[in-house]
Amino acid sequence: MGGASDRPPPDPAGRYERIYSVVRRIPAGRVATYGQVAELAGLSGHARMAGYALHALPEHSTVPWHRVINAQGRLSLRADGEGGALRQRFRLEEEGVEFDLSGRVSLKRYRWKGRKSRTDARK
DNA sequence: CATTTGACATCTT
DNA sequence: TAAGATGCCAAAT
C-alpha cells in the first residue's frame, strides 16, 4: 500500500492549489458547483473547502473563480456585498451564461461535465 | 490549545 | 419553493 492510504492531499501547503487546478479547467461559458469542484479535486464531500480556497484566491489570480457557483445555481458571495456577486454574474453573462428571472443559472444547461482527467467518459 | 466562523451540500419539514 | 438542521475541514482569534 503504498502508504499514504488514499488521502489525496499530499500538499500541506498547497491543498488549495488542487482546487485551483480544477477551476482552471472549467471552460468559458460553463459553470461548476463547489461540490463538483471539490469532488474533481479529490475532496469529494468537502464542498466547503472549495469555497475557502476560492475566497483565499487573490483577485489578480488567473483562476476563473467566477465560474464556480453553488448547487442552487446561485452565486455565493458574502463579502463585498452584492457587488461581488453582481460582478460575477456579469462576468458569466459575458461568457454566454444566462440567468433566469430568479437570478439563478440553469445548471442543467451550463453545468460543466468535468471528469477526473481522462478523456474517457467513465471507467 | 479550544472556540468560532466561513465563496457549501444534502436531507427533512 | 422556502426554510431549518447537520456534517465537513481549515484558518483565524
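Note on naming: letters A, B, ... go to the chains in the order of the sequence lines (proteins, then strands), and numbering restarts at 1 for each one.
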> What residues form a salt bridge (Lys or Arg N to Asp or Glu O under 4.0 Å) with Glu93(A), not counting sequence neighbours?
Replying inline: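 Salt bridge (Lys or Arg N to Asp or Glu O under 4.0 Å) list for Glu93(A), sorted by chain: Arg89(A).
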Rounded to whole Å, how long is the line connecting atom [atom1] of [X] with atom [atom2] of [N]?
X: Leu43(A); N: dA10(C); atom1: CG; atom2: C1'; value: 11 Å
X: Arg74(A); N: dT1(C); atom1: CZ; atom2: P; value: 11 Å
X: Glu39(A); N: dC9(C); atom1: CD; atom2: P; value: 16 Å

Counterpart residues, side-chain contact (heavy atoms from CB on, under 4.5 Å), relative to [X] (two or more places apart):
X: Ser106(A); result: Arg109(A), Tyr110(A)
X: Lys113(A); result: Arg30(A), Arg115(A)
X: Glu94(A); result: none
X: Ala56(A); result: Tyr16(A), Tyr20(A)

>> Under the criterion of centre distance below 5.5 Å and interplanar angle below 30°, is Tyr52(A) classified as stacked on the base of dG6(B)?
In response: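 Ring-base stacking flag set for Tyr52(A) and dG6(B).
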> At under 4.0 Å between heavy atoms, what does Arg104(A) touch on the DNA or RNA strands: base, sugar-phosphate, or nothing?
Replying inline: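 Counting heavy atoms under 4.0 Å across all strands, the contact made by Arg104(A) is with sugar-phosphate only.
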> Looking at residues at least two apart in the chain, or sitting in another chain, which of them share a side-chain hydrogen bond (donor to acceptor under 3.5 Å, both in side chains) with Gln72(A)?
Replying inline: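 In terms of side-chain hydrogen bond (donor to acceptor under 3.5 Å, both in side chains), with neighbours along the sequence ignored, Gln72(A) is linked to no residue.
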> Does anything in residues 92-99 of chain A reach DNA chain B, meaning a heavy atom under 4.0 Å, and if so which residues?
Replying inline: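 Listed by number, there are none.
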Nucleotide N/O of nucleotides 9-13 of chain B paired with protein N/O under 3.5 Å:
from	atom 1	to	atom 2	distance (Å)
dA9(B)	OP1	Ala71(A)	N	2.6
dA9(B)	OP2	Ala71(A)	N	2.9

N/O donor-acceptor pairs under 3.5 Å from side chains in residues 32-52 of chain A, not counting sequence neighbours:
from	atom 1	to	atom 2	distance (Å)
Thr33(A)	OG1	Gln36(A)	N	3.2
Gln36(A)	OE1	Arg111(A)	NE	3.3
Gln36(A)	NE2	Trp112(A)	O	2.5

> Can you find a pair of side-chain heavy atoms, one from Pro64(A) and one from Val23(A), that are under 4.5 Å apart?
Replying inline: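 They are in contact (side-chain heavy atoms under 4.5 Å apart), so the answer is yes.
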